[in-house]
Trainee: 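Dropping a structure here in structure tokens format, bear with me for questions.
This one's a predicted model, so the numbers in the text were calculated from it and none came from an experiment. Below, read A as the first sequence line, B as the second, and so on, with proteins coming before strands; counting in each chain starts at 1.
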Amino acid sequence: MPAPSPALPLETPTMQVVTWNVNSVRARLQRILPWLDENRPDVVCLQETKCVDDVFPVEEFEALGYECALHGQKTYNGVAILSRPGVEDVVCGVPGEGDDAQARVIAGTVGDLRVLNLYVVNGKSVGDPKYDFKLEWMQRVADYIASDFPMDQKVVVVGDFNVTFDDRDMLDPEAWRDKILCSQPERDALAAMMKPGLTDAFREFEQDAGHFTWWDFRTRGFQRGDGLRIDHVLLSPPAMAACSGVRVDVEERAREKPSDHAPVIAEFT
DNA sequence: ATGGTCGCGGAGCGA
């Protein structure tokens with residue numbers, strides 16, 4: 001009897017979860033579709049889709065095998081979860097908020113992952129009324145996470161948090177000291193969201209400074225290597241245990257007509 | 001302290 005051919009290493013089934021602030025899903029469609037075709041992630045959390053659900057390009061994503069859970073809004077905001085094979089138990093917004101609330105939150109279950117996709121308020125500048133709204137908004141989401149996302153399950157909270165963790169998340173810490181996206185109250189609000197037991201997954205794998213997810217168009221930040229790490233993957237203990245890596249696709253940000261944010265990819269075993 | 005560039009929508013706002 002011939003020797004059996006050497007066994008190929010068993011492909012460990014993996015699952016990729018992406019968070020990407022696309023800065024208009026319709027303006028970015030010819031960037032997003034090829035990227036999905038190439039990277040084939042299982043779950044894609046989009047922020048700043050900037051359109052109502054009726055005009056979201058659902059057919060284009062379905063053609064790639066994705067099911068779309070949408071929470072859109074005209075002109076500003078808008079979030080979505082694209083998933084293969086599908087997403088269940090979708091919850092739009094923060095339960096209890098008014099119908100006039102900005103569309104910044106959507107949750108859904110894919111496989112054994114409970115996913116919460118956030119587009120956190122920007123806040124404009126420290127002391128601006130929008131800044132106070134940002135801190136209040138983050139506290140409401142912190143309460144939502146504490147009450148509705150059991151940390152003994154695989155909870156994945158992703159999105160554009162519009163908050164850095166520390167000096168490593170920027171090129172020039174002194175330029176950003178106590179500024180918007182970097183102030184201590186914002187970081188305290190981020191910590192409050194994580195308090196039930198979420199971990200900044202990126203930092204479990206990479207401790208060095210200089211890894212960014214957003215670069216300002218206005219100052220041509222990308223060309224100068226000047227960005228911030230404000231898009232995050234926050235994981236409960238069981239999700240963290242299953243996570244094998246987190247990376248930022250900086251190459252996508254370097255292409256033609258990019259979003260100002262790069263996709264962040266988390267891989268799970 | 002301000003501006004710079006995008007996207008939306010068709011002027012100025014938000015980021």
Side-chain angles (χ1 to χ4, degrees), chain A residues 19-33 35 45-58 60-61 70-80 93 100-106 117-138 141 158-165 169-183 185-187 189-190 212-232 248-264:
Chain A
T19 178
W20 193 1
N21 180 322
V22 291
N23 188 14
S24 173
V25 68
R26 290 181 293 172
R28 210 66 54 214
L29 201 57
Q30 297 315 314
R31 287 254 54 87
I32 302 171
L33 294 173
W35 193 90
C45 295
L46 303 179
Q47 304 91 32
E48 280 205 89
T49 55
K50 292 188 173 182
C51 65
V52 293
D53 297 349
D54 286 349
V55 295
F56 193 101
V58 170
E60 287 87 337
F61 291 112
L70 307 177
H71 184 38
Q73 183 182 330
K74 177 183 155 77
T75 310
Y76 303 121
N77 311 311
V79 285
D100 59 341
Q102 299 176 4
R104 295 177 175 276
V105 179
I106 187 169
N117 177 19
L118 303 176
Y119 174 45
V120 173
V121 175
N122 176 285
K124 192 175 173 76
S125 60
V126 174
D128 190 278
K130 290 186 171 70
Y131 178 79
D132 297 327
F133 174 69
K134 177 180 194 172
L135 297 179
E136 294 162 8
W137 186 92
M138 290 181 76
V141 174
V158 301
D160 175 3
F161 286 76
N162 272 318
V163 182
T164 55
F165 279 95
D169 295 339
M170 64 207 69
L171 183 68
D172 183 355
E174 294 317 314
W176 282 97
R177 189 76 63 208
D178 298 324
K179 297 291 200 301
I180 192 67
L181 315 180
C182 303
S183 73
E186 292 168 273
R187 290 176 177 174
L190 178 56
F212 310 135
T213 65
W214 169 83
W215 299 259
D216 199 334
F217 281 135
R218 292 170 288 185
T219 56
R220 303 187 185 279
F222 188 76
Q223 291 85 332
R224 297 183 295 106
D226 184 5
L228 297 178
R229 190 173 73 95
I230 54 175
D231 300 86
H232 303 305
V248 184
D249 187 358
V250 180
E251 289 184 13
E252 168 55 32
R253 181 62 175 79
R255 295 187 179 121
E256 291 297 314
K257 297 287 285 181
S259 168
D260 45 352
H261 296 251
V264 180

Trainee: Under the side-chain hydrogen bond (donor to acceptor under 3.5 Å, both in side chains) test, which residues partner A:S24, sequence neighbours left out?
Mentor: none
Trainee: Rounding to an integer number of Å, can you tell me how far A:D231 CG sits from B:dA15 P?
Mentor: 14 Å
Trainee: Identify, between A:E48 and A:R26, the residue whose nearest nucleotide on DNA chain B lies closer to the 5' end.
Mentor: A:R26
Trainee: Cut-off 3.5 Å, side chains only: do A:R224 and A:T219 have a donor facing an acceptor?
Mentor: yes
Trainee: Is it true that A:D160 and A:W214 share a donor-acceptor pair across their side chains at a distance under 3.5 Å?
Mentor: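 There is no such pair between these side chains.
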Trainee: Excluding sequence neighbours, so at least two apart, what forms side chain to side chain contact (heavy atoms under 4.5 Å, CB included) with A:S125?
Mentor: A:D128
Trainee: Taking only residues two or more places apart in sequence, or in another chain, which ones meet A:V55 in a side chain to side chain contact (heavy atoms under 4.5 Å, CB included)?
Mentor: A:R26, A:C51, A:V52
Trainee: How many Å lie between NZ on A:K134 and C1' on B:dG14, as a whole number?
Mentor: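 Answer to the nearest Å: 13 Å.
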Trainee: Reckon A:R104 touches a base, only the sugar-phosphate, or nothing at all at heavy-atom distances under 4.0 Å?
Mentor: sugar-phosphate
Trainee: In this structure, how many angstroms lie between the C1' atom of B:dA15 and the CD atom of A:E186, rounded?
Mentor: 14 Å
Trainee: Just to be sure I understand the rule, does A:F222 reach a base, reach only the sugar-phosphate, or reach nothing, if contact means heavy atoms closer than 4.0 Å?
Mentor: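 Nothing, no heavy atom under 4.0 Å.
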Trainee: Restricting to side-chain hydrogen bond (donor to acceptor under 3.5 Å, both in side chains), what partner residues turn up for A:W176, sequence neighbours left out?
Mentor: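 In terms of side-chain hydrogen bond (donor to acceptor under 3.5 Å, both in side chains), with neighbours along the sequence ignored, A:W176 is linked to no residue.
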Trainee: Who pairs with A:D132 by salt bridge (Lys or Arg N to Asp or Glu O under 4.0 Å), at least two apart in sequence or on another chain?
Mentor: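 Salt bridge (Lys or Arg N to Asp or Glu O under 4.0 Å) list for A:D132, sorted by chain: empty.
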Trainee: Could you write out each protein N or O paired with an N or O of nucleotides 1-5 of chain B at a distance under 3.5 Å?
Mentor:
| from | atom 1 | to | atom 2 | distance (Å) |
| --- | --- | --- | --- | --- |
| B:dT5 | O4' | A:F217 | O | 3.3 |

Trainee: Quickly work out the A:K124 NZ to B:dA15 P distance and round it to whole Å.
Mentor: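 Rounded to whole Å, this separation is 8 Å.
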Trainee: Quick one: label A:R224 by what it contacts on the DNA or RNA (base, sugar-phosphate, nothing), any heavy atom closer than 4.0 Å.
Mentor: nothing
Trainee: Return no unless some side-chain N or O of A:K257 is found under 4.0 Å from OP1 or OP2 of B:dG7.
Mentor: yes
Trainee: Of all residues at least two apart in sequence or in a different chain, which pass the salt bridge (Lys or Arg N to Asp or Glu O under 4.0 Å) check with A:E60?
Mentor: none
Trainee: Respond yes when some side-chain nitrogen or oxygen of A:S259 is under 4.0 Å from OP1 or OP2 of B:dC6, and no when none is.
Mentor: no
Trainee: What is the distance, to the nearest angstrom, from the CG atom on A:N77 to the P atom on B:dG7?
Mentor: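 Taking CG of A:N77 and P of B:dG7, I get 17 Å after rounding.
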Trainee: For the side chain of A:R28, starting at C-beta, report the closest nucleotide among B:dG7, B:dA15, B:dG9.
Mentor: B:dG7
Trainee: Considering only the P atoms, how many Å lie between B:dG7 and B:dA1, rounded to the nearest integer?
Mentor: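 Here B:dG7 and B:dA1 have their P atoms 29 Å from each other.
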Trainee: How far does the C1' atom of B:dC6 sit from the matching atom of B:dG10, given to the nearest Å?
Mentor: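 To the nearest whole Å, 16 Å.
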Trainee: In whole angstrom, give the distance that lies between atom CD of A:Q73 and atom P of B:dG7.
Mentor: 19 Å
Trainee: Apply side-chain hydrogen bond (donor to acceptor under 3.5 Å, both in side chains) to A:N23 and list each qualifying residue two or more places apart in sequence or on a separate chain.
Mentor: A:K50
Trainee: Between P on B:dA15 and OH on A:Y119, what's the gap in Å once rounded to a whole number?
Mentor: 5 Å
Trainee: Rounded to whole Å, please give me the gap between CD1 in A:I180 and P in B:dA15.
Mentor: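 Nearest whole value for this atom pair: 10 Å.
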Trainee: Might you list the N or O atoms of the protein lying below 3.5 Å from N or O atoms in nucleotides 11-13 of chain B, with each pair's distance?
Mentor:
| from | atom 1 | to | atom 2 | distance (Å) |
| --- | --- | --- | --- | --- |
| B:dC13 | O2 | A:Y76 | OH | 3.3 |

Trainee: What integer number of Å spans the P atoms of B:dG3 and B:dG9?
Mentor: 25 Å
Trainee: Can you tell me if A:D169 and A:T164 form a side-chain donor-acceptor pair at under 3.5 Å?
Mentor: no
Trainee: For A:Q102 and A:Q223, find the nucleotide of DNA chain B closest to each by heavy atoms; which residue's nucleotide sits nearer the 5' end?
Mentor: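 Its nucleotide being nearer the 5' end, the pick is A:Q223.
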